[in-house]
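I have placed the structure first, in the form of structure tokens, so that the comments after it can refer back to it.
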Amino acid sequence: MAGEKNVLIVAVPQRGALPPAVFELITAAKKAAAATGGTVSALVFGTKAADFAKQLGERGAEKVLTVSDAAYDSFVDEAYAAATAAAAKQEAAGVLLLAASVAGRSLAARLSVLLKAGVAAEICEISGSGGALSAKRYQYGGNIVAEVAFKSDVKILTVQPMCFEAAPVEAGKAAQTTPLSVPAASAGAQVASFKADEAGEIDLGAAERIVSGGRGLGNADGFKLIRELAHTLGAAVGASRAVVDAGWIAYRHQVGLTGRTVHPKLYVACGISGQIQHLAGMASSANIVAVNTDPACPMMDIATLGVVGDVYEVLPVVISEIKKRRGA
Ligand SMILES: Cc1cc2nc3c(=O)[nH]c(=O)nc-3n(C[C@H](O)[C@H](O)[C@H](O)COP(=O)(O)OP(=O)(O)OC[C@H]3O[C@@H](n4cnc5c(N)ncnc54)[C@H](O)[C@@H]3O)c2cc1C
């Protein structure tokens with residue numbers, strides 16, 4: 001597939017639905033296609049593929065390939081990679097875009113081997129013109145910007161959630177949908193069942209609002225208050241490494257250098273001092289509220305709004321005020 005310029009969006013479903021990050025890929029793909037001069041198509045999986053194709057079409061995807069076999073209802077990277085490689089070949093796609101989710105990262109690695117492709121991981125910007133494509137990746141909370149260029153013919157990009165605007169729904173838009181013929185999934189592994197760890201939990205990576213707790217909570221029980229505020233705001237729950245290491249909350253909630261990188265519209269840091277390793281994962285949040293007893297802590301320096309006080313005094317007042325204003 002030397003030098004192919006078409007762009008393929010790999011729309012990996014999550015728990016039976018398309019995550020918001022997939023709609024952001026449409027915007028990213030249009031930028032990539034403008035640089036390469038190619039077309040954009042998308043690939044969807046599983047028995048809900050026709051519905052996914054409709055959702056992508058309403059948001060401006062022009063062509064969607066469907067792999068509707070029930071074997072693709074659960075994510076198995078081996079089977080997904082084989083189908084994606086077939087789609088890339090059929091569409092003459094030289095650029096593949098995936099959300100930088102756990103599944104997207106895993107799939108990108110496997111596709112890189114299958115397609116002899118270079119991977120630009122967790123990118124936040126796409127640029128280029130005249131057929132060339134490059135991407136930017138923010139590190140250390142945006143203090144370092146790495147510009148990534150490709151040497152390979154096929155280029156794979158995993159895109160950080162919340163970096164591109166989700167393509168809006170446009171009335172009357174629909175995609176041309178084509179079934180992709182792939183050999184029956186023959187992965188060595190298959191998913192027997194799936195049990196969500198905490199039902200209804202909002203995924204940190206794609207969250208527009210996050211309430212995070214740190215050592216200032218004093219103990220694991222403090223997360224009851226964090227969860228209550230998060231629930232009230234419709235937010236995801238984050239944490240500092242200190243409390244993850246202490247076993248107060250699971251690792252998947254960790255924000256920072258060795259945890260998740262997040263870009264929410266609102267990040268509420270409760271009892272988190274703001275060490276550089278934590279800031280590396282959240283400093284690019286649009287609005288930061290710090291609740292801390294120490295007015296001189298580093299989190300206060302980057303906060304949009306700093307509240308000097310004890311989390312156990314401040315949060316109950318905030319929760320009750322929000323509920324009151326909503327008439328609950
Ligand atoms: C290689 C490496 C990687 C790392 N990766 C990460 C990472 O990914 N993420 C991460 O978070 N850290 C990471 N760390 C750890 C990081 O350096 C800090 O130790 C950690 O972020 C501190 O967590 P904290 O802010 O919860 O705790 P502390 O630094 O102890 O801060 C607690 C804060 O709570 C405040 N406080 C105390 N009581 C209250 C109260 N009642 N109400 C309100 N405020 C109160 C205090 O004033 C203080 O500011 C890493 C470290 C290393 C060396």
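We count ligands from 1, going down the list as the structure has it; atoms in each ligand are counted the same way.
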Decide whether the shortest distance between a heavy atom of Thr293 and an atom of ligand 1 is less than 4.0 Å.
yes

Look only at interatomic distance and state if Gly214 has a nitrogen or oxygen under 3.5 Å from any nitrogen or oxygen of ligand 1.
no

Nearest non-hydrogen atom to atom 1 (C) of ligand 1 belongs to which of Met300, Arg241, His278?
Arg241

Identify, for atom 32 (C) of ligand 1, the protein heavy atom at the shortest distance, and state residue, atom and that distance.
Gly271 O, 3.5 Å

Quick check: closest heavy atoms across Pro264 and Arg209, and the distance to 0.1 Å?
CB-N, 4.2 Å

Return yes if a side-chain donor-acceptor contact under 3.5 Å exists between Glu122 and Thr158, otherwise no.
no

I'd like to check which ligand 1 atoms, numbered from 1 as shown, lie under 4.0 Å from a non-hydrogen atom of Gly259.
8 (O)

Can a side-chain donor-acceptor contact be found between Ser212 and Tyr267 if the only test is distance below 3.5 angstrom?
yes

For ligand 1 and Ala239, I'd like to know whether there is a polar contact (N/O to N/O, distance under 3.5 Å).
no

Suppose I only count heavy atoms of Gly256 and a 4.0 Å limit; which atoms of ligand 1 are within that range?
7 (C), 8 (O), 9 (N)

If the condition is side-chain hydrogen bond (donor to acceptor under 3.5 Å, both in side chains), which residues does Glu58 pass it with, not counting sequence neighbours?
Lys54

Considering non-hydrogen atoms of the protein only, which is the closest contact for atom 7 (C) of ligand 1, and what is the distance?
Gln254 NE2, 3.2 Å

Parallel, tilted or perpendicular: rings of Phe45 and Tyr80 (30°, 60°):
parallel

Out of Asp294, Asn292, Val311, who is nearest to atom 48 (C) of ligand 1 when you count heavy atoms only?
Asn292

Going through the checks in order, is the salt bridge (charged side-chain N to carboxylate O under 4.0 Å, His left out) test met by Lys224 and Asp221?
CA-CA 6 Å; Lys224 286 185 187 154; Asp221 266 0; 3.7 Å; yes

Would you say the side chains of Ser106 and Asp77 form a donor-acceptor pair under 3.5 Å?
yes

Heavy-atom proximity to atom 9 (N) of ligand 1, picking from Val255, Val244, Thr258, Leu315, points to Val255

Protein contact of atom 27 (O) of ligand 1 - nearest heavy atom, named by residue and atom, plus distance:
Arg215 CB, 3.4 Å

Going hydrophobic residue to hydrophobic residue with side-chain gaps under 4.5 angstrom, can you get from Val7 over to Phe52?
yes

To the nearest 0.1 Å, how far is atom 41 (N) of ligand 1 from its closest protein heavy atom, and which atom is that?
Asp310 OD1, 3.2 Å

Closest heavy-atom approach to atom 24 (P) of ligand 1 among Ser240, Gly222, Cys270, Cys297 is made by Ser240

Testing the 3.5 Å rule here: is there a donor-acceptor pair between the side chains of His278 and Ser240?
no

Does Val64 belong to the same Ile/Leu/Val/Met/Phe/Trp/Tyr cluster as Tyr72, with side-chain heavy atoms less than 4.5 Å apart forming each link?
no

Suppose we measure from atom 40 (C) of ligand 1 to each protein heavy atom; which comes out shortest, and what is that distance?
Gly216 O, 3.4 Å

For residues 242-251, which residue pairs qualify under salt bridge (charged side-chain N to carboxylate O under 4.0 Å, His left out), counting only residues two or more places apart or in two chains?
Arg241-Asp245

Identity and distance of the protein heavy atom lying nearest atom 22 (C) of ligand 1:
Ala242 CB, 3.9 Å

For ligand 1 and Ser273, I'd like to know whether there is a polar contact (N/O to N/O, distance under 3.5 Å).
yes

May I ask you to check if ligand 1 and Gln277 share an N or O to N or O distance below 3.5 Å?
yes

Output the list of atoms in ligand 1 that are nearer than 4.0 Å to some heavy atom of Gln275, sorted by atom number.
16 (C), 17 (O), 18 (C)

Non-hydrogen atoms of Gly309 versus ligand 1: any pair closer than 4.0 Å?
yes

Under a plain distance cut-off of 3.5 Å, with no hydrogens placed, do Thr232 and Glu228 share a side-chain donor-acceptor pair?
no

